Amino acid sequence: MKRKPGVSMTSARTNTENGNTLVIVTGPTGIGKTELCLEIARKLGAEIVSADARQFYRELKIGTAVPTPAQLNEVKHHFIGHLSIHDYYNVSIFEQQVIELINSLFAKNPYVLLCGGSGLYIDAVCKGLDDLPTVCPETRAWVEKVYRTQGLEKLRLWLKKVDPIYYTQVDLANPNRIIRAIEVFQSTGIPMSQLRTSLPKERPFMIKTIILERPRMELFERINNRVDQMVADGLIEEAVSLFRWKNLNALNTVGYQELFDWLSGKYSLPNALEKIKTNTRRYAKRQITWFKKYHDALRVNPDRIDAIMEYIRGCSP
RNA sequence: GGUACCAUAGCUCAGUAGGUAGAGCAACGGACUGAAAAUCCGUGUGUCCCUGGUUCGAUUCCGGGUGGUACCA
């Protein structure tokens, strides 16, 4: 649960002998990652790997602010639109695929860009995940059904019985965490608390992390404007076309759920659009909180391209 | 111009039979290991419009301003 003090989150154990560098560009949604990454990629001749867990899905374009076709054409991007919303996917698969990919990309260029705002996915690339099982859908459905029919307290008691240690560590108000721990035990017979080591994996490359920042008010204004732009670009039509799949996990996403609620008659369209803005702002806030633990990163305004390039090219991280 | 009503948190409003105040939303802070744009936890941030008066004490009662709304001219 608690991370060991002093262990870096983003470049814990790296082998820097070969000089290969993974440049991570992250920050809250709407800060300007896409534009900046494109410019960095041009300067370095590097390719871009997305760390944005919603841009994976090819059906989600407008609402997830994927790069334009022109941008995608100019610089090679990976992990954008490589999945359908009907596919199963998770962070662990991402970790394996990205590590494999970037190691092959280093054969062409000493720099690879990892660009996106999904903190858990970035952590998976930087320090890896423990060897936890991916459980079969039946097991999850079973545990979920117990939660729905018998409530959270029932799950807590279940967890207390199968993993009393994790019971004292986990957020007991968060159903997702408890469900996960139970399903891990049910499918392996090993308690979650034994499988979690939290030991960072060694990566055969250097990591430099850039966290983009702007004044809060400026960021929120950009977010509000971007939502308006998405609507002008056809977000509503996109949501309407996906309405029948509204229960898929990939569509449990800001920008879609609010419009689905409107389509279900829950509230008016102007209300739905206002809620998209609010929920996007909250998402940005959660991201900002997450990135606060990246202690060894460069925190910079995306306009300061010169400082950013100097940081990337500089000898000392 | 006259009459009535209103003025309290960023917004919409409640309240204090006189003892410096609280809801919703917004906002802010935090957690996070295969659902992560997900999921979950925590926090009131206030010249109670201004100014005199009464009072031990006024956001509350009274007078006068100012601003707003409605109706009458």
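By convention in this document, chain letters (A, B, ...) are assigned in the order of the sequence lines, proteins followed by strands, and residues within each chain are numbered from 1. Keep in mind that what you see is a predicted model, and the values were worked out from it rather than measured. The figures that follow rest on heavy atoms only: side chains count, while hydrogens, waters and symmetry mates do not.
- Rounded to the nearest Å, the gap between the C1' atom of U16(B) and that of G57(B) is 14 Å.
- D130(A) comes within 4.0 angstrom of a nucleotide base, judged by non-hydrogen atoms across all strands.
- Between the side chain of N176(A) and the base of U39(B), no donor-acceptor pair of N or O atoms lies under 3.5 Å.
- Across all strands shown, G63(A) has heavy atoms under 4.0 Å from base atoms, whether or not it also approaches the sugar-phosphate.
- Considering only side-chain N and O atoms, R180(A) lies under 4.0 angstrom from the phosphate OP1 or OP2 of G34(B).
- For the OP1/OP2 pair of A37(B) and a distance below 4.0 Å, the side-chain nitrogens and oxygens of Y57(A) include no atom meeting the criterion.
- On the C1' atoms, U47(B) is 14 Å away from A58(B), given to the nearest whole Å.
- With hydrogens and angles ignored, a donor-acceptor pair closer than 3.5 Å exists between the side chain of S198(A) and the base of U33(B).
- Nucleotide A37(B) holds its C1' atom 16 Å from the CD atom of E59(A), rounded to whole Å.
- For a distance-only test at 3.5 Å, the side chain of K292(A) fails to qualify as a donor-acceptor partner of the base of G30(B).
- A close approach under 4.0 Å does occur between a side-chain nitrogen or oxygen of R216(A) and OP1 or OP2 of G29(B).
- Distance OG1/T209(A) to CZ/R299(A): 9.5 Å, rounded to 0.5 Å.
- OP1 or OP2 of C28(B) has not a single side-chain nitrogen or oxygen of R282(A) nearer than 4.0 Å.
- For the pair I48(A) and V25(A), the minimum side-chain heavy-atom distance is 4.5 Å or more.
- Atom name C1', nucleotides C61(B) and C48(B): the rounded distance is 15 Å, in whole Å.
- No side-chain donor-acceptor contact under 3.5 Å links K208(A) to the backbone of T21(A).
- Nucleic acid contact for E144(A): base, since at least one base atom lies under 4.0 Å from a heavy atom of the residue.
- Rounded to whole angstrom, the span from the OH atom of Y294(A) across to the C1' atom of A31(B) amounts to 14 Å.
- When the nucleotides G34(B), C32(B), A38(B) are ranked by their closest atom to the side chain of S92(A), G34(B) comes out on top.
- The separation of U60(B) from U51(B), taken at their P atoms, amounts to 12 Å, rounded to a whole angstrom.
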Just the dot-bracket of RNA chain B, please: which string comes out with Watson-Crick or G-U pairs under 3.5 Å, [ ] for crossing, | for another strand? (((((((..((((.....[..)))).(((((.......))))).....(((((..]....)))))))))))).

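- At a cut-off of 3.5 angstrom, counting only N and O atoms as typed in the model, there is a donor on one side and an acceptor on the other between the side-chain of R177(A) and the base of A38(B).
- Counting non-hydrogen atoms under 4.0 angstrom, N279(A) reaches nothing in the nucleic acid.
- Atom P of nucleotide G30(B) and atom OH of Y283(A) are separated by 17 Å, given to the nearest angstrom.
- Judged purely by atom type and a 3.5 angstrom limit, R54(A) has no side-chain atom pairing as donor or acceptor with the backbone of L60(A).
- With RNA chain B read from its 5' end, the first of the two nearest nucleotides for T278(A) and Q287(A) is the one closest to T278(A).
- Using P as the reference atom, C49(B) and C6(B) are 13 Å apart when rounded to the nearest Å.
- Taking only side-chain nitrogens and oxygens, N249(A) comes nearer than 4.0 Å to OP1 or OP2 of A36(B).
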For R244(A) and E59(A), what are the C-alpha separation, side-chain angles and deciding distance, and is it a salt bridge (Lys or Arg N to Asp or Glu O under 4.0 Å)? CA-CA 13 Å; R244(A) 56 189 297 219; E59(A) 293 90 344; over 6 Å; no

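- R286(A) has a side-chain polar atom (N or O) that falls below the 4.0 Å cut-off from OP1 or OP2 of A38(B).
- You'll find the ring centres of Y166(A) and F185(A) outside the 6.0 Å limit.
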Begin with the C-alpha distance, continue with both residues' side-chain angles, and end with the deciding distance and a verdict on salt bridge (Lys or Arg N to Asp or Glu O under 4.0 Å) for R180(A) and E183(A). CA-CA 5 Å; R180(A) 173 69 185 147; E183(A) 67 186 19; 3.4 Å; yes

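- Looking at heavy-atom distances under 4.0 Å, S118(A) makes contact with sugar-phosphate atoms alone, never a base.
- Across A35(B), A26(B), C32(B), the shortest atom-to-atom separation from the side chain of R281(A) is found for A26(B).
- Among A37(B), A38(B), A35(B), the nucleotide with an atom closest to any side-chain atom of Q55(A) is A37(B).
- Under a cutoff of 6.0 Å and an axis angle of 45°, K293(A) and W290(A) form a cation-pi pair.
- Surrounding CD of E221(A) are at most 12 heavy atoms belonging to other residues, nucleotides or ligands under 6.0 Å away.
- Nucleic acid contact for Y121(A): sugar-phosphate only, since backbone atoms but no base atoms lie under 4.0 Å from a heavy atom of the residue.
- OP1 or OP2 of G30(B) has at least one side-chain nitrogen or oxygen of T289(A) nearer than 4.0 Å.
- On the P atoms, G24(B) is 13 Å away from G42(B), given to the nearest whole Å.
- Base orientation of G34(B): syn, since the glycosidic angle falls within 90° of 0.
- In this pair, F243(A) and F260(A) present their aromatic rings tilted. The plane angle is within the 30 to 60° band.
- Summarising the geometry, the separation between NE2 on H86(A) and P on A35(B) is reported as 19 Å, rounded to the nearest angstrom.
- Each of Y147(A) and A65(A) has a nearest nucleotide on RNA chain B; the 5'-most of these lies closest to A65(A).
- Taking atom C1' on both nucleotides, A23(B) is separated from G44(B) by 11 Å, rounded to a whole Å.
- Atom C1' of A9(B) sits at a distance of 11 Å from the matching atom of A21(B), rounded to the whole Å.
- Distance, I85(A) CD1 to A35(B) C1': 15 Å, rounded to whole Å.
- Proximity note for M192(A) (side chain, C-beta onward) versus U39(B), U33(B), G30(B): the nearest is U33(B).
- Using a 4.0 Å heavy-atom distance criterion, F56(A) is classed as making no nucleic acid contact.
- Using cut-offs of 30° and 60° on the angle between ring planes, the pair F79(A) and H82(A) is perpendicular.
- Candidate nucleotides A26(B), A31(B), A35(B) were compared by shortest atom distance to the side chain of R140(A), and A35(B) ranks first.
- When the nucleotides A35(B), C40(B), C32(B) are ranked by their closest atom to the side chain of D171(A), C40(B) comes out on top.
- Regarding N174(A), its CG atom lies at a distance of 13 Å from the P atom of A38(B), rounded to whole Å.
- With A36(B), A37(B), G34(B) as the candidates, the nucleotide lying closest to the side chain of W290(A) is A36(B).
- Listed for the D52(A) side chain is no donor-acceptor partner under 3.5 Å among the backbone atoms of G117(A).
- If you measure from atom CD1 of I178(A) to atom P of U33(B), you get 12 Å, rounded to the nearest angstrom.
- The distance from atom CZ of R196(A) to atom P of G34(B) is 8 Å, rounded to the nearest whole Å.
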